[in-house]
2 protein chains.
Amino acid sequence: MESRCENCIIRQFNSLRAMSKEELKQVSDSKTTRTVKKGEPLFEEGDKLNGVYCVRNGVSKLSKLSANGKDQIVKLASKGEVLGQRSVISQESTNLSAIAVDDMEVCFIPKESINNTLQKNPNFTLEVLRHMAHDLKEADDVIVNISQKTVKQRMAEAFLYLKNNFGEDSEGYLALTLSREDISNVVGTATESAIRIISEFKKKGLIHTSGKRIGIKDERKLLEIVEGF
Amino acid sequence: MESRCENCIIRQFNSLRAMSKEELKQVSDSKTTRTVKKGEPLFEEGDKLNGVYCVRNGVSKLSKLSANGKDQIVKLASKGEVLGQRSVISQESTNLSAIAVDDMEVCFIPKESINNTLQKNPNFTLEVLRHMAHDLKEADDVIVNISQKTVKQRMAEAFLYLKNNFGEDSEGYLALTLSREDISNVVGTATESAIRIISEFKKKGLIHTSGKRIGIKDERKLLEIVEGF
DNA sequence: GGGATACTATGACAATTGTCAGGTTTGGGG
DNA sequence: CCCCAAACCTGACAATTGTCATAGTATCCC
């Protein structure tokens, strides 16, 4: 028994909430649910997407491969976010890869349902537009951060970001565990540099680690580092 | 005698072309035309915008101030581009400053006309959405470039970008003349570094200069630098 | 035309960051 | 439970880049 979009709580978090009952029904009838294991791709750079993915569970990294063979992670998307919208809207192949960081559960919604609604329901289109405006603003912030802050500042910022957006587990570690390589790809630096700064932060008592898990110890000092001492 | 939007050629380049005749008439009746001198702001970071600006002539830099007091230029907008859309759509104060790089002529369109059309004309909303999707894709590219390429590579890329987007004058110089500081703010580096690289490129015969004007001499070699030799 | 002011340029130096080259630890599959 | 691959970590070094100091050059305004 498939769950119905009409009853899906996830919907409250994204633009689908602006759909009418009938539109939602159509989406629900055409959607398929899929599980994606950690490390597997939802889609890859250059793919032509035939629809969008609505995240029900787990986290996906959106990244772009650069000429020198390193990934840059542009965004981490979790429960409630819709992936692939840009590609479907502009009818181009996607410029980002989406790879599962966790085990994921996603709904695939064929582009016909989306395009249909985009043309008929201005409220929905406006809602999508608002989300995209928000993403664009965030992207601008990322640009300024990467170009004007040091690696150390960006590392500190990344940890605070992870805490604020994904929370902590019962033992006080960041709920989202990324590999050191993924962290370096979020921050935009070499893996070795990321590791070195993790060691330094640990020595200074700002964070603590256990295996690959990282916990925040001194949020205030981390914030000071972000601001530049 | 004011010119009418209905007859404005500029419109062909932006989302306003998706407006109906009546909507355009309303816009035309409510718009005001303004000239902005080189160096003056159209609006500044944090301003609440009461409308959008449609560029008829000249070029504007969209930039964001970072904590350390340096600007990062996120985009250069010229004829036909509409500025301030994001702020009006998300009803937040703007996250970017827009400053004239040239003498400019712009039309100011009050947000009421825009919001009204956004709610009623799905074609217009969709058109705006497509533009924003495009901007977001470009922003992703900028992020990857800044984080994965060296300053030298980005400088080379900037010159090619300026040539491709703004062309050359009759003497073979880049038609858009930016100060060294602006160039460094586009590239995301210190002004001195930018100047040093300009000198180096000049020595190697890749570009030539005359005052602050810069001309491209060896496009192929510049491209090779961008690609990483 | 001349002087103030902003922009361009260059050198010297230090700090940051990336690269290479090892080691060690961890964790998942047989 | 043990092994092996993958992930983590550290050191040494070099390259890149930013900062500071200073000097030359253009430009604007009176």
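The sequence lines fix the lettering, A, B, ..., with proteins before strands; numbering per chain opens at 1. Predicted model, so just to flag it, every value in this text is computed and none were measured.
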> Could you give all pairs that pass the salt bridge (Lys or Arg N to Asp or Glu O under 4.0 Å) test and reach residues 52-63 of chain B, with sequence neighbours left out?
Replying inline: B:Arg56-B:Glu105, B:Lys61-B:Asp182

>> Just N and O in the side chain of A:Thr191: are any of them under 4.0 Å from OP1 or OP2 of D:dA7?
In response: no

> Considering all heavy atoms of both residues, which atom of B:Val187 and which atom of B:Ala158 are nearest to each other, and what is their separation?
Replying inline: CG2-CB, 3.9 Å

> In whole Å, what is the span from the CD1 atom of A:Ile197 to the P atom of D:dG11?
Replying inline: 15 Å

> Are more than 12 heavy atoms from other residues, nucleotides or ligands located less than 6.0 Å from atom NZ of A:Lys137?
Replying inline: yes

> Please give, in whole Å, the distance from C:dA12 P to B:Ile195 CD1?
Replying inline: 17 Å

> Are B:Met155 and B:Ile183 close enough that some pair of their side-chain heavy atoms sits under 4.5 Å apart?
Replying inline: yes

>> If I compare all heavy atoms of B:Cys5 with all of B:Ser28, which pair ends up nearest, and what's the gap?
In response: N-OG, 3.0 Å

> So, does A:Gln148 use its side chain to make a donor-acceptor pair with the main chain of B:Asp71 at under 3.5 Å?
Replying inline: yes

>> Using five pairs at each end of the helix from C:dG1-D:dC30 to C:dG30-D:dC1 to define an axis, what is the angle between those two axes, to 10°?
In response: 50°

> Name the one of B:Thr33, B:Leu16, B:Val27 that satisfies side-chain contact (heavy atoms from CB on, under 4.5 Å) with B:Cys107?
Replying inline: B:Thr33

> Tell me: NZ of A:Lys203 to P of D:dT10, nearest whole Å?
Replying inline: 7 Å

>> In whole Å, I'd like the distance from the CD atom of A:Glu200 to the C1' atom of D:dT10.
In response: 14 Å

> So, B:Gln85 side chain and B:Val128 main chain: donor-acceptor pair closer than 3.5 Å or not?
Replying inline: no

>> I want to confirm an ordering. Mapping A:Thr150 and A:Ser210 to their closest nucleotides on DNA chain C, which one lands closer to the 5' end?
In response: A:Thr150

>> Tell me whether the side-chain N/O atoms of B:Ser199 come closer than 4.0 Å to OP1 or OP2 in C:dT10.
In response: yes

> CD of A:Gln148 versus P of D:dT17: gap in Å, rounded?
Replying inline: 15 Å

> C:dA9 P sits how many Å from B:Met155 CE, rounded?
Replying inline: 10 Å

Between the protein and nucleotides 20-30 of chain D, list the N/O to N/O atom pairs that are separated by less than 3.5 angstrom.
from, atom 1, to, atom 2, distance (Å)
D:dC20, N4, B:Glu192, OE2, 3.3

>> Starting the side chain at C-beta, find the nucleotide from C:dA9, C:dT17, D:dT17 nearest to B:Arg180.
In response: C:dA9

>> Checking contacts here: which listed nucleotide (C:dT8, D:dT17, D:dC8) is nearest the side-chain heavy atoms of B:Ser179?
In response: C:dT8

>> Whole angstroms only, please: what is the CD1-P distance between A:Ile198 and D:dC8?
In response: 8 Å

> Does any N or O in the side chain of B:Glu81 come within less than 3.5 Å of the main-chain N or O of B:Cys54, such that one atom is a donor and the other an acceptor?
Replying inline: no

> Given that A:Thr209 and A:Ser147 both sit by DNA chain D, which one's nearest nucleotide is further toward the 5' end?
Replying inline: A:Thr209

>> How many whole angstroms separate atom NZ of A:Lys149 from atom P of C:dT17?
In response: 14 Å

